[in-house]
Visitor: 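First the structure, which I've put down as structure tokens, then a few questions once you've had a look.
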Amino acid sequence: MKNSVYILGAGLAVLIIMLIAVPGGGRPSDFSLFLGRFHPLVVHLPIGILLVAALFEALSRWTPMRDRIETATRILLYAGAWSALLAVALGLYLAQGGGYDSRTLAWHKRLGILVALSSSLCYVYKAWPELLQQRVIKTREHAVYATAVGVLILAVAFTGHLGGQLTHGAGYLSRYLPDGLRQLAGLQKKADLGKLQLENPAETTTYAAIIQPVLTTKCTSCHSERRARGGLRLDAPEHIMEGGDEGPPIVPGRAHESELIHRIWLPLVADDHMPPEGSAQLSVAEAELLRWWIDAGASFEEFLPDAEMTPVVQTILSGLGLGEIRTGIFALSVSPPDSQDVAALAQQGIAATLLAEDEPYLQVRCTNPQSCAHSDELEATLRRLAPNIAWLDLGRSTADDAFLETIGALPHLTRLHLQQTQVTDTGLEHLQSLEYLEYLNLYGTAVSDTGLAHLHNLSALRSLYLWQTNVTEAGVADLQAAVPDLYINTGLSLEPVIADSLAE
């Protein structure tokens, strides 16, 4: 029995040397990869053998055939320890091929080593109990052995689980778990698996929503801070553009010249194909998304609503659960308007109707000039409906600067008609908080350059009408510089007629 312990100790020593000598990066040899391919074959042996050994150990406590079961347990522990050592050794070679999640791989490796060590310790206790009793633990050896068996069972279970994740991807074990149990475990419903989960697509970049997840799941196991094969990292925009030993992996606007796309579409058996053979491969849809993104300029800042999507890309994103990308106020979650408040507006001579079916937003319009006169009752009703008012037409009414203070409290207002009203520069100061305001009509009012200065921070403003106002070209120019995308209409201007000298 002692000889078998010595031999097992030699095996552990060889494993320690391999942990030091087998490189974790660089280009592995074909022979190393060939040996690594036997890991999936061997790794199932210690799982089955050691679990049966643990079962026999439990049975030996309640059976008259304890001596025979003890012998069988000792044999199983010896075979299990050696198969665990062999599985770890071959796993080190397999890991050289790359293509695995580095964090999961690291824990799988550590737990695999723990299985080898704990199974060896259990065997030593069975084969040479005097060694542990005299030189290591002396007392409580049974408690130590029971602990080692418990650690062994847990290590085998978790090592196998992580191995399944490395081979089949995260969520493999729970893929077909019923929705009721998934809810208890805090997991997504089965129908939502693989779907894009974006809090606000309108404020999410194309890279963060679509491209980064592909690179993270299929590429960064070999190209990240933990492991940068070929000097290339694909875990952050700055590293992607910096490139690796062979230069940048992408050429913005030219997917067909980009090394990343070239390697993805190489045959699986090609040496330069990425991800490496045996790793999780990109789907055709994922490869198409990468190609489209690079051809579109490979922007890291462009938001989803601004991306020009081809019909193929739209189909792919629709399948991922990303349908129409709602922007502005339509990307917000707002409760429907209170019908009693809408009726109250109607009683005051103000029409309020929904912008569209199944939308919570209202367009509000004065039916006659007198109906929009500022009053406490009207102000209270508008404030209760404040989240729902998107369009407000006060044109040709008696609305004044006092009314604009109420309007400034409508957070989702996008269109505002104030033409031919009594508003002045002072009232426009109340509009500075309207972050979604896109349209403003001030035709026929007394506003001047002083009032325009209050509009400089309205970055969403796209249309402004200033006919027959007191603004100057200098004031308009200042506003245009502050909001470059703003269309400003100051009315029709006629060039002076130059007399035709030939008519004389």
Side-chain angles (χ1 to χ4, degrees), residues 179 182-183 186-189 191-192 195-205 208-209 303-306 317-318 320-367 371-395 397 399 402-418 427 430-441 457-463:
D179 280 337
R182 298 183 68 85
Q183 185 176 5
L187 301 174
Q188 289 178 303
K189 293 182 179 180
D192 294 333
K195 298 293 182 67
L196 292 174
Q197 302 293 323
L198 305 178
E199 291 186 2
N200 188 351
E203 297 181 0
T204 306
T205 63
F303 290 101
L304 272 174
D306 301 326
L317 295 183
S318 178
L320 293 175
L322 186 63
E324 178 188 4
I325 301 174
R326 298 169 66 85
T327 60
I329 61 173
F330 297 101
L332 306 176
S333 177
V334 175
S335 301
D338 189 296
S339 59
Q340 293 183 352
D341 290 329
V342 174
L345 284 180
Q347 291 174 359
Q348 299 174 57
I350 299 177
T353 57
L354 290 174
L355 279 183
E357 188 178 358
D358 298 328
E359 294 292 352
Y361 296 109
L362 297 169
Q363 51 181 333
V364 178
R365 180 177 57 86
C366 294
T367 56
S371 63
C372 283
H374 185 264
S375 67
D376 292 341
E377 183 182 1
L378 177 57
E379 178 181 352
T381 305
L382 290 176
R383 288 186 181 275
R384 288 196 298 272
L385 288 171
N388 304 103
I389 299 177
W391 294 4
L392 181 59
D393 187 352
L394 303 178
S397 72
F403 208 136
L404 290 189
E405 184 175 356
T406 302
I407 294 175
L410 307 180
H412 304 144
L413 194 63
T414 62
R415 294 176 63 90
L416 178 59
H417 291 260
L418 295 173
H430 298 299
L431 304 184
Q432 295 183 90
S433 60
L434 301 179
E435 61 175 307
Y436 294 104
L437 189 64
E438 301 174 358
Y439 173 99
L440 178 59
N441 193 332
N457 293 327
L458 297 180
S459 58
L461 195 60
R462 291 296 176 265
S463 300

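The analysis underlying the following values was restricted to heavy atoms, covering all of them including side chains, and did not include hydrogens, waters or symmetry mates.
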Visitor: Is the closest side-chain heavy-atom distance between Ile329 and Val334 below 4.5 Å?
Guide: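 Ile329 does not reach Val334 side chain to side chain.
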
Visitor: Kindly give the heavy-atom pair with the smallest separation between Ala386 and Pro411, and that separation in Å.
Guide: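 Closest heavy-atom pair between Ala386 and Pro411: O-CD, 3.6 Å.
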
Visitor: Do the side chains of Leu431 and Leu416 get nearer than 4.5 Å, heavy atoms only?
Guide: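 The answer is yes; the side chains approach within 4.5 Å.
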
Visitor: Is the Tyr439 ring parallel, tilted or perpendicular to the His417 ring (thresholds 30°, 60°)?
Guide: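 Rings of Tyr439 and His417: tilted, 30 to 60°.
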
Visitor: Quick one: CZ on Arg383 to CD1 on Ile389, what's the gap to the nearest 0.5 Å?
Guide: 11.0 Å

Visitor: Only one of Leu355, Val364, Leu413 clears side-chain contact (heavy atoms from CB on, under 4.5 Å) with Trp391; which?
Guide: Leu355

Visitor: Heavy atoms only: give me the nearest Pro360-Ser335 pair and the separation to one decimal.
Guide: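 Closest heavy-atom pair between Pro360 and Ser335: CB-O, 3.7 Å.
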
Visitor: When you look at CG of Asn457, are more than 12 heavy atoms from neighbouring residues, nucleotides or ligands closer to it than 6.0 Å?
Guide: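 Check fails, neighbour count at 12 or below.
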
Visitor: How long is the span from the CG atom in Leu392 to the OG1 atom in Thr414, to the nearest 0.5 Å?
Guide: 10.0 Å

Visitor: Spell out, as yes or no, whether a donor-acceptor pair under 3.5 Å connects the side chain of Asn388 to the backbone of Leu362.
Guide: no

Visitor: Between Tyr361 (side chain) and His412 (backbone), is there a donor-acceptor pair under 3.5 Å?
Guide: no

Visitor: Taking the side chain from Ser433 and the backbone from Gly408, do they hold a donor-acceptor pair closer than 3.5 Å?
Guide: yes

Visitor: Heavy atoms, side chains only, cut-off 4.5 Å: are Glu359 and Leu354 in contact?
Guide: no

Visitor: Which heavy atom in Thr204 sits nearest to a heavy atom in Ala208, and how many Å separate them?
Guide: CG2-CB, 4.3 Å

Visitor: For side-chain contact (heavy atoms from CB on, under 4.5 Å), just list the numbers for Ile350 and Leu378, CA-CA rounded to whole Å, side-chain angles, deciding distance to a tenth of an Å, and then say yes or no.
Guide: CA-CA 10 Å; Ile350 299 177; Leu378 177 57; 3.3 Å; yes

Visitor: Using only atom types and a distance under 3.5 Å, with no angle test, would you say the side chain of Thr367 pairs donor to acceptor with the backbone of Gly349?
Guide: yes

Visitor: Can you tell me which residue pairs pass the salt bridge (charged side-chain N to carboxylate O under 4.0 Å, His left out) test with a partner in residues 403-417, sequence neighbours excluded?
Guide: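 Qualifying pairs, neighbours excluded: none.
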
Visitor: Do Leu345 and Leu385 come within less than 4.5 Å of each other through their side chains, counting heavy atoms only?
Guide: yes

Visitor: Nearest 0.5 Å, please: how far is CG in Leu434 from CG in Leu440?
Guide: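 Answer rounded to 0.5 Å: 9.0 Å.
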
Visitor: Atom CG in Leu458, atom CD in Gln432: separation rounded to 0.5 Å?
Guide: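 Going from the CG atom of Leu458 to the CD atom of Gln432 covers 7.5 Å.
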
Visitor: Tell me the closest heavy-atom pair linking Pro337 and Val342, and the distance in Å.
Guide: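 Scanning both residues, the minimum pair turns out to be CB-CG2, 4.2 Å.
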
